[in-house]
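Everything below concerns the one structure shown next.
Source: prediction; values computed, not measured.
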Amino acid sequence: MEEKQLLRLEGSVENIVYRNDENGYTVLEIADSDEEITAVGVMPQVSAGDTVILYGSFTEHKSYGRQFAAKTCEVTRPTDAADILRYLASGAVKGVGPSTARRLVDAFGADTLRVMEEEPQRIAALRGISEAKAADFSRQLKANEGVRALMLYLGEFGIPNTAAIRIFKVFGAASVEMIRKNPYVLCEGDFGVSFQSADMIAVRENLGGNSEVRLRAGICYILRHNEGNGHTCLPRDVLTDTAAQFLGVLHEEISDCMEAMLFDRTLVSEEFDERAFLYLQAMHLKEQFIASRIKLLMGFPAERVRNVDAAIARCEQEDGITYADLQKQAISVALSTGFLVLTGGPGTGKTTTLNALIKILQHEGQRVFLAAPTGRAAQRMTELTGNEAKTLHRLLEVAWDREDKPVFGKNEKNLLKCEALIIDEMSMVDVSIFESLLRAVPIGCRLILVGDSDQLPSVGAGNVLGDLIAGGQLPVVSLNHIFRQAEQSLIVTNAHRIVRGEMPVLNQVDKDFFFMPRRSKGEVTQTILELCADRLPKAYGYSPFDSIQVLCPSKKGELGTAELNLRLQERLNPKSPEKSEAVIGAKTFRVGDKVMQTKNNYDIRWERENGEMGEGVYNGDIGLVESIDRKSKTMRIRFFDKTATLSFEHASELEYAYAVTVHKSQGNEFDCVIIPMFPGPRQLYYRNLLYTAVTRAKERLILVGTAYTVEMMVNNNRQTKRHTGLRYFLQRDDNLYSNR
């Protein structure tokens, strides 16, 4: 930690103004000489009566004035009887109130805390304090000291107290000792500790740069990092080169370490197309399970529905429609084989096909479950089919373990109770959630997977939809005919032109797809501001908060989400005395802001209008800030299908959502989409990204910028290459029940 650049503040804690027990965020008052100073930061174990040494800086809060923002906190226990009494009376030890604190201090004086921790039997000798309660006091004090010691130790390396709390929850009292032996355990969990920070600790603890623990950790770190980029595995040669460069060691040392990791199954090797690939064991098991489970389900398929042709004819007569040949083929395949992967772009009749399938299956007396990856996608599925669709997490009855990781109530021991399962938006489904889903699918269940294979792949690791199709083991029907009604939409026809590598039609002004040429970034920005604030609301009644969405290829630059969000917030939701606001990190959130959750947070409680309650707000959820309570340090946000109250600490996971990246928009549809079109990095301006952005629009799509940028994206058919193995596992004939 660069303490020389930070201020040092030492004093006695007079009062705890506010504390969030979940994350340790604390507001307290410190007596420093004759001055009383307000300090804020993550200080979970600090209580009134403590002496603290804080390192940080003074800030000027708009509402609360001058504050000391603490980066690290060193705590000294109170040593005299008066401070100990204040410490215990403040509630520092649960179960000890003011009267009990007085009795303890009267009995043991300045030695009270030591006796409580080391000799609880003497505490139990006092009237009214049981042995169990005295033991609990001892346990609490030891835990408090453990957290304090860990924060002090990690603070030397610039690791924040928030990380220390998460680490202590996992490793407990042995945290410091464990980290000293192997600092790289900090890179394994979701602690927010970088490999570079772990390296700093390793240097202090005299662990060599080519030590086995470092090499192993570095290899795993690279694989986990690439899982975040969508890869489930990496070519061995690529991983060797990357690890040698990243760790600054010889290739031979990496190769030797890999062999040891392969021997103890930390790594797993596979050969695909005569090239060696390496997996972390957990991800390897997930892809292998998916392949084997699908083969098992195919070996014991759902019972064939009889008289399929008659059932299709009945649906046509009842609904007054005639299905296209490919739609009939899809219906027949799903009802005959028990499996179907249904793909197709907008306007090709996927929903009509699904409605027929649902109708026929329900007529057969079968229970049909519907699900999609996101709340918006599930809601849209409900509206289009007239049947309730749930998110995958809700379908699987998600809960959370002690480390706040998701676990599902539906699994091999508690299967889904349905005869048919339909999953929409499969392009968004990653390996982890699909594995969990298949664990809960009963043998004999009809499985229908629906998606657009031309969309961007999932945010999480894997290329599930693409691999299921490429594997060649499942029946696939690709709808490619644009129906007459859909042909009236230029959004639909232009989307298909883009997929084919053709320029979209940009010169029609009487349709739903508009191109507004602008020659500079400044003009593009100004036009987007005008469209959101004035032109679209006046012309079509669109709300810039609920109906309009700006989608950007990139976060950075003048036309990236970061800059556009600031400009849009200033224009659409400016500062006002009537609107409460809160400064969280570098952002100022105020009532009325459009925001997006940027990571899965399973601790946040929510409720729906029907009274249903639950936990979990997910990466990509968009909402509006309804209220901000500075006293309780919370804000209430109305997300699409639920309302949640977030602490200011949790609110650090929010971003403005007036403009979002195309990747973050997956699974969502918006009445009106605006896309800035100005040249940028080639790796971010490609065909599939443009296609995905265009297909997010339901009613109107507006491109603002240069035709050259549109042409560049259409011609850049860069595929989002992901290293995965699912397709190969599906193709291997190593399962008793494969393709029976």
Side-chain angles (χ1 to χ4, degrees), residues 1 146 149-150 152-160 163-164 166-229 231-272 275-288 403 405 461 723 725:
M1 184 186 71
L150 180 62
L152 182 61
Y153 177 73
L154 295 178
E156 297 180 40
F157 306 99
I159 298 174
R166 290 193 292 268
I167 293 163
F168 191 84
K169 285 182 179 179
V170 175
F171 299 126
S175 296
V176 174
E177 182 181 355
M178 182 179 293
I179 293 167
R180 280 180 169 149
K181 290 180 180 178
N182 180 9
Y184 301 101
V185 297
L186 300 178
C187 304
E188 295 175 4
D190 186 21
F191 302 131
V193 178
S194 69
F195 195 87
Q196 290 72 21
S197 294
D199 261 349
M200 291 170 59
I201 299 174
V203 171
R204 174 76 64 83
E205 301 299 339
N206 296 315
L207 293 173
N210 59 353
S211 65
E212 185 178 1
V213 292
R214 182 172 185 265
L215 300 189
R216 281 175 167 265
I219 292 167
C220 293
Y221 182 82
I222 292 167
L223 284 168
R224 278 193 297 271
H225 175 78
N226 278 278
E227 286 178 6
N229 292 331
H231 306 289
T232 60
C233 55
L234 285 179
R236 179 164 179 165
D237 56 326
V238 172
L239 179 58
T240 301
D241 290 343
T242 304
Q245 182 177 0
F246 178 70
L247 297 170
V249 299
L250 298 175
H251 283 67
E252 291 77 9
E253 293 177 287
I254 296 297
S255 294
D256 290 345
C257 185
M258 284 179 174
E259 289 301 323
M261 296 172 76
L262 287 166
F263 180 77
D264 63 23
R265 299 287 291 178
T266 303
L267 296 181
V268 182
S269 180
E270 291 285 356
E271 186 173 297
F272 305 137
R275 191 179 187 186
F277 286 76
L278 294 182
Y279 280 87
L280 289 173
Q281 187 183 56
M283 188 58 71
H284 181 260
L285 290 172
K286 288 178 182 180
E287 285 202 324
Q288 278 209 323
E403 297 180 18
K405 294 180 180 178
H723 295 300

Within the side chain of [X], is there an N or O that forms a donor-acceptor pair under 3.5 Å with the backbone of [Y]?
X      : Y      : answer
His231 : His723 : yes
Arg214 : Leu247 : yes
Ser211 : Gly208 : yes
Tyr279 : Glu287 : no

Is the shortest heavy-atom distance from the side chain of [X] to the side chain of [Y] under 4.5 Å?
X      : Y      : result
Arg275 : Val238 : yes
His225 : Phe195 : no
Val185 : Ile167 : no
Leu186 : Ile201 : yes
Phe168 : Ser175 : yes
Leu278 : Met261 : no
Asn226 : Thr242 : no

Shortest non-hydrogen contact from [X] toward [Y]:
X      : Y      : result
Ser194 : Cys187 : O-SG, 3.9 Å
Ala461 : Met283 : CB-CE, 3.9 Å
Gln281 : Val268 : CA-CG2, 4.1 Å

Under the salt bridge (Lys or Arg N to Asp or Glu O under 4.0 Å) rule, collect the residues that match up with [X], sequence neighbours excluded.
X      : answer
Glu253 : none
Arg224 : none
Glu177 : Lys181

Set out, in order, the CA-CA distance, both residues' side-chain angles and the distance that settles side-chain contact (heavy atoms from CB on, under 4.5 Å) for His251 and Asp241, then state yes or no. CA-CA 7 Å; His251 283 67; Asp241 290 343; 2.8 Å; yes
Going by the side-chain contact (heavy atoms from CB on, under 4.5 Å) test, name the single residue among Asn182, Thr266, Leu267 that passes it with Arg216.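 Only match with Arg216 under side-chain contact (heavy atoms from CB on, under 4.5 Å): Thr266.
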Matching residue for Ile219 among Leu239, Leu234, Thr240 - test: side-chain contact (heavy atoms from CB on, under 4.5 Å):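 Exactly one pass, corresponding to Leu239.
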About how many Å separate [atom2] of [Y] and [atom1] of [X], when rounded to the nearest 0.5 Å?
X      : Y      : atom1 : atom2 : result
Leu215 : Tyr184 : CG    : OH    : 9.0 Å
Leu250 : Asp256 : CG    : CG    : 10.0 Å
Phe277 : Glu271 : CZ    : CD    : 10.0 Å

Using side-chain contact (heavy atoms from CB on, under 4.5 Å), reason through Leu154 and Val193 one step at a time and then give a plain yes or no. CA-CA 10 Å; Leu154 295 178; Val193 178; over 6 Å; no
Considering residues, nucleotides and ligands other than Gln245, do more than 12 of their heavy atoms fall under 6.0 Å from its CD?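 Counting other residues, nucleotides and ligands, CD of Gln245 stays at 12 neighbours or fewer.
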CA sep, side-chain torsions, deciding dist, call: Glu259, Leu262, side-chain contact (heavy atoms from CB on, under 4.5 Å): CA-CA 5 Å; Glu259 289 301 323; Leu262 287 166; 4.2 Å; yes
Start with the C-alpha distance between Cys233 and Phe272, add both sets of side-chain angles, then the distance that settles side-chain contact (heavy atoms from CB on, under 4.5 Å), and finish with yes or no. CA-CA 11 Å; Cys233 55; Phe272 305 137; 4.3 Å; yes
